[in-house]
Participant: 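Would you mind keeping the following structure in view while I ask a few things?
Predicted model, so just to flag it, every value in this text is computed and none were measured. Proteins come first, then strands; the chains are lettered A, B, ... in the order of their sequence lines, and each starts at number 1.
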Number of protein chains: 2
Amino acid sequence: MLSNASKYAIRSILYLATNSSEDHKISVKVIAEDLETPQSFLAKLLQQLTTNKLVSSAKGPHGGFYLSAKNRKKSLWDIIKCIDGGEKFNQCFLGLSECNDVNPCPAHAIVSPFKKQILENFRDKTIGQYADESLEKGTYLTLKELEI
Amino acid sequence: MLSNASKYAIRSILYLATNSSEDHKISVKVIAEDLETPQSFLAKLLQQLTTNKLVSSAKGPHGGFYLSAKNRKKSLWDIIKCIDGGEKFNQCFLGLSECNDVNPCPAHAIVSPFKKQILENFRDKTIGQYADESLEKGTYLTLKELEI
DNA sequence: TCTAAAGTATGATTTTTATCATATATTTCA
DNA sequence: TGAAATATATGATAAAAATCATACTTTAGA
């Protein structure tokens, strides 16, 4: 479904949402170690996310990445758009370029409603809300968190 | 979601379900032209599908591919398993290897029910049923069919 | 029995995605 | 003011997916 890039990006941002603040920036090195993702790949991704205002950063000692209040207002969908492009949830399951409610492929009827609902959820809920809910529900972002 | 390979495979099989029979085999060339897919790639795929008894074939003049009654009893899920592997609907949306109802990632709650329902549909409905329904509903398998 | 029309088998190439590496620019703090 | 810690920029490499190409085998039909 999503590219690794998008997956890493989402996990990083949700991680920053619960662990960082303007007073507590986190370096790529630490993020990559905590999330168990390739560091230089993540560095590139975070750059891209920073350029697109989804993440904030500061150079130098005690620098690093963090989420500002504004950043927390963004959505998962914003992240996906930024990395994989805005067509991700608009693509036909069987790869046809014109599949839609009027001219559906054979899988359209079963797949389409789900895509719509997931897209809505990803578009309408903010990163901040997602992070809060995740804290309540106790979700996890890396396998490390599963070790007892 | 699916690889191009799986998409082509599903489209080919649904195409054969409505257009072929033991008495009317269809060559890769024709299938590829009708579905607008790369011919040699499709040839490889059809081989794999034939090996795995999802499609039937005959060599020589008037040979080609077709679906037997048995082939029609298979499911979309069988095709996906054959090409992309059986983990396709079992993978965590954020790429974690252990994500499940007990230890969910932040996206699990929203994504998981949909995956389950789609998987069920794909697993429980036969190719034959899919093809019949598609005929009734008037779905399409290639953009060509949209041209007036 | 020869020829042409098919599938079958295998490997080469291209494209995309993912990953790795290295050099540069800033900034804090001693 | 200079050294170390950080992000930034860019390009190189590796791996996977998709595509292309070529030679071989089987079979119907003249």
Participant: Determine whether a donor-acceptor pair (one donor, one acceptor, N or O, separation below 3.5 Å) exists between the side chain of Lys29(B) and the base of dG7(C).
Facilitator: no
Participant: Could you tell me if the ring centre of Phe122(B) sits under 6.0 Å from that of Phe93(A)?
Facilitator: yes
Participant: In whole angstrom, what separates Phe65(B)'s CZ from dT27(D)'s P?
Facilitator: 14 Å
Participant: Report the distance from atom CD of Gln48(A) to atom P of dT17(C), rounded to the nearest whole Å.
Facilitator: 13 Å
Participant: Quick one, Ile26(A) and Phe65(A) - any side-chain contact, counting heavy atoms below 4.5 Å?
Facilitator: no
Participant: From NZ of Lys25(A) over to P of dT8(D), roughly how many Å is that when rounded to an integer?
Facilitator: 12 Å
Participant: Without decimals, in angstroms, what is the distance between Leu45(A) CG and dA18(C) P?
Facilitator: 9 Å
Participant: Quick one: which residue pairs count as a side chain to side chain donor-acceptor pair (under 3.5 Å) with a foot in residues 5-18 of chain B, not counting sequence neighbours?
Facilitator: Ser6(B)-Asp84(B), Tyr15(B)-Asp34(B)
Participant: Kindly indicate whether the side chain of Ile127(B), heavy atoms from C-beta on, has any atom under 4.5 Å from the side chain of Ser75(B).
Facilitator: no
Participant: Hey, quick one: are Ile83(A) and Leu16(A) part of the same hydrophobic cluster, counting side-chain heavy atoms closer than 4.5 Å, chains of contacts allowed?
Facilitator: yes
Participant: Which of these passes side-chain contact (heavy atoms from CB on, under 4.5 Å) with Tyr130(A): Ile10(A), Ile13(A), Asn121(A)?
Facilitator: Asn121(A)
Participant: May I ask you to verify if any side-chain N or O of Thr50(A) is less than 4.0 angstrom from the OP1 or OP2 atom of dA7(D)?
Facilitator: no
Participant: Classify the side chain of Lys44(B) and the base of dG11(C) as holding, or not holding, a donor-acceptor pair under 3.5 Å.
Facilitator: yes
Participant: Nearest of dT10(D), dG7(C), dA21(C) to any side-chain atom of Val28(B)?
Facilitator: dG7(C)
Participant: Could you pick out which residue, Phe41(A) or Ala58(B), lies toward the 5' side of DNA chain C when each is mapped onto its nearest nucleotide?
Facilitator: Ala58(B)
Participant: Flag the pair Glu33(B) and Lys144(B) as a salt bridge only when some basic side-chain nitrogen lies within less than 4.0 angstrom of an acidic carboxylate oxygen.
Facilitator: no
Participant: I want to confirm an ordering. Mapping Thr51(B) and Asn4(A) to their closest nucleotides on DNA chain C, which one lands closer to the 5' end?
Facilitator: Thr51(B)
Participant: Considering only heavy atoms, which members of residues 73-98 of chain B lie under 4.0 Å from some atom of DNA chain C?
Facilitator: none
Participant: Between the side chains of Lys116(A) and Glu120(A), is the shortest nitrogen-to-carboxylate-oxygen separation below 4.0 Å, so that they form an ion pair?
Facilitator: no
Participant: Report yes if at least one side-chain N or O of Ser27(B) is closer than 4.0 Å to OP1 or OP2 of dG7(C); otherwise report no.
Facilitator: no
Participant: Give me the distances for all protein-to-nucleotides 28-30 of chain C N/O pairs that come in under 3.5 Å?
Facilitator:
unit_1, atom_1, unit_2, atom_2, d
dC29(C), OP1, His62(A), ND1, 3.3

Participant: Side-chain contact, heavy-atom cut-off 4.5 Å: Leu94(B) with Cys99(B)?
Facilitator: no
Participant: Using only side-chain N and O atoms of Tyr8(B), determine if any of them is under 4.0 Å from OP1 or OP2 of dT19(D).
Facilitator: yes
